[in-house]
Amino acid sequence: MPVESDLEGQIAEWRAYMNRRRELHRTDTEELEDHLRGRITDLTESGLHTDEAFLIAVKRMGSLDELSREFAREHSERLWKQLVLPGEPDAPAAARIRRELPVMVLCAAIAALAIKVPGWFGLDMAGDDSGFYARNLSLFALPALAAYFAWQRRVGTQVIGILALLFVLGAVAANAYPLDNDSHTTVLTAIHLPLALWLVVGVAYVGGDWRSDRRRMDFIRFTGEWLIYLTLIGLGGGVLMAFTMGTFSAIGLNAEGFVQSWLLPCGGMAAIIVSAWLVEAKQSVIENMAPVLTRVFTPLFAATLLAFLIAFIWTNNGIDVERDVLILFDLLLVVVLGLLLYAISARDFAARSGFFDRLQLALVVSALLIDVIVLVAITGRITEWGFSPNKTAALGENVILLTNLAWTAWLFLGFVRGRMPFARLENWQTRYVVVYAAWAWAVVLAFPPLFNFA
């Protein structure tokens, strides 16, 4: 009897996991469960223990993603309807979406109106106060997004207090220092404050459980999908603005002022919230977009980096270390890490290494070599001209990237050679996110007074 109870508990856990995939209807799950029970019965009759029979039966049925893709192909009409419909009216997922929709709309409205509040006090977005908006841009939408996740995850008052404190700290750091619009530290604050506050949003997303490697990886997956949705909404918004100005100009009205003053800024802030809601609401339907794009762009980026290294060696030209160039190289290295992260998130840890893993190793090693070249160029300029805000920030970020890339390459090499479990790569990457967040906060808080607000 206890053995039978254990088996039913395992099947119940498997069924609950299956039910979280909304492209599988209840009848589909029941059909799969019957199939699973039949396999377990056959295996136990052949002499296997029920635990062994359950694991083998699940393995033989294929991974959950494979089953979901199979059902998606057989029920394509249903799959596409789920992009715009919440599903069955009585389904728990549909009830959850209906409950969360008004809260999302409220948070999006707050974010959209927040960017107009400074204008009520005479701050002009397009005039001399552009530096203020650049420094504070992330403070208009990200607190509302964190509030949405805090409500959704039902976090405790202690976590809410920490979130509020961090946002207040970011607001003070962005506005307490006497920074000119064209100062280097203004630009650095505008770049790094969104990164620092995005990790605060991450704390809300994981419900305060930031110590969990699994929950941090969930947030990393969410970030990739959110960026995809935000980009798609941005492209659609660009088309909407073009049509708005074009159609109104046809009747002699100039809508450009409305688009620039209201539609673009307010729509951009609201899109940040809406994109997050779409990821949460539809993640079971399009949750593999980032890993799919990773498969497409990994070989392209690997070829680009290898071509750059060959050209660098062939021409023997040094790297220009001006601010825009440094930002470009740092973004390139971050993109490489992003490609790696989303490949890790979609991988079966039990599978052996293959060609794509070796391609990723080549990508990481190429990025590592380029980071070394950039670091040599930066240190050379610092030795010749001394420290500046831009060079110091680039130095710190490239040292952080170098450490991550070097250890990632070592772990990847161990995995490819069969001496290292793949799970260590995921654990390393999710833990190193904290280092990036700490550096972003250091730049925002310490750089302005350290460099005399230059």
Side-chain angles (χ1 to χ4, degrees), residues 80-81 83-86 97 101-145 148 174-175 180-183 186-187 189-191 193-194 197-198 223-282 285-286 289-290 293 297 323-324 327-328 331 335:
W80 282 106
K81 284 181 179 179
L83 292 175
V84 292
L85 298 177
I97 292 173
L101 180 59
V103 179
M104 181 277 292
V105 172
L106 175 62
C107 291
I110 291 173
L113 292 176
I115 198 170
K116 299 299 296 182
V117 170
W120 301 344
F121 297 92
L123 296 175
D124 184 8
M125 189 180 304
D128 296 334
D129 302 310
S130 58
F132 169 85
Y133 283 93
R135 296 193 306 271
N136 289 274
L137 194 62
S138 56
L139 288 165
F140 298 128
L142 294 189
L145 181 58
Y148 170 71
N175 297 284
D180 295 330
N181 289 345
D182 57 350
S183 68
T186 294
V187 176
T189 299
I191 293 173
L193 184 59
L197 295 182
W198 186 249
T223 300
E225 301 298 328
W226 174 81
L227 282 172
I228 293 172
Y229 275 98
L230 185 63
T231 301
L232 294 174
I233 292 176
L235 292 173
V239 174
L240 173 64
M241 288 185 289
F243 275 109
T244 300
M245 291 186 290
T247 53
F248 276 85
S249 65
I251 57 174
L253 296 177
N254 186 4
E256 185 176 349
F258 167 76
V259 169
Q260 292 181 351
S261 299
W262 287 92
L263 187 57
L264 178 59
C266 296
M269 295 299 102
I272 293 173
I273 313 298
V274 175
S275 300
W277 176 79
L278 286 173
V279 174
E280 289 290 282
K282 304 299 181 183
V285 178
I286 326 179
M289 290 175 67
L293 293 176
F297 284 101
R323 182 179 68 191
D324 294 342
I327 292 174
L328 174 65
L331 288 176
V335 167

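- In this structure, the side chains of I273 and I110 stay at 4.5 Å or more apart for every pair of heavy atoms.
- At least one side-chain heavy atom of T223 sits less than 4.5 Å from a side-chain heavy atom of W198.
- Considering every non-hydrogen atom in both I115 and P265, the closest pair reads CD1-CB, 3.9 Å.
- The minimum heavy-atom distance linking T186 with G131 is given by the pair CG2-O, 4.4 Å.
- Taken from CE in M104 to CG in L278, the straight-line distance is 7.0 Å, to the nearest 0.5 Å.
- W262 places no side-chain N or O within donor-acceptor distance of the main-chain N or O of K116, the cut-off being under 3.5 Å.
- To the nearest 0.5 Å, atom CG of residue L123 and atom CG of residue N136 are 9.5 Å apart.
- For the residue pair A111 and A141, the shortest heavy atom distance occurs at CB-CA, 3.9 Å.
- Counting only distance, with no hydrogens or angles, the side chain of R135 and the backbone of A174 share a donor-acceptor pair below 3.5 Å.
- Here L197 contributes atom CG and L137 contributes atom CG; the two are 11.0 Å apart, rounded to the nearest 0.5 Å.
- Rounding to the nearest 0.5 Å places CG of D124 at 7.0 Å from OH of Y133.
- Here the closest heavy-atom approach between residue W226 and residue A276 is recorded as CD1-N, 3.4 Å.
- Considering only heavy atoms from C-beta on, M241 comes within 4.5 Å of L264 through its side chain.
- Panel note: side chain T247, backbone T244; a donor-acceptor pair is recorded below 3.5 Å.
- Remark: S275 OG to E280 CD distance equals 12.0 Å, nearest 0.5 Å.
- Between A112 and C266 the shortest heavy-atom distance is O-SG, 3.3 Å.
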Applying side-chain contact (heavy atoms from CB on, under 4.5 Å) to L101 and W277, what does each step give before you reach the verdict? CA-CA 8 Å; L101 180 59; W277 176 79; 3.7 Å; yes
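- Residues F121 and V117 come closest through the heavy atom pair CD1-O, 3.3 Å.
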Evaluate the criterion side-chain contact (heavy atoms from CB on, under 4.5 Å) for residue pair L106 and Y148; output intermediate values, then yes/no. CA-CA 9 Å; L106 175 62; Y148 170 71; over 6 Å; no
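- Taking CZ of F132 as the start and CE of M125 as the end, the distance is 10.0 Å to the nearest 0.5 Å.
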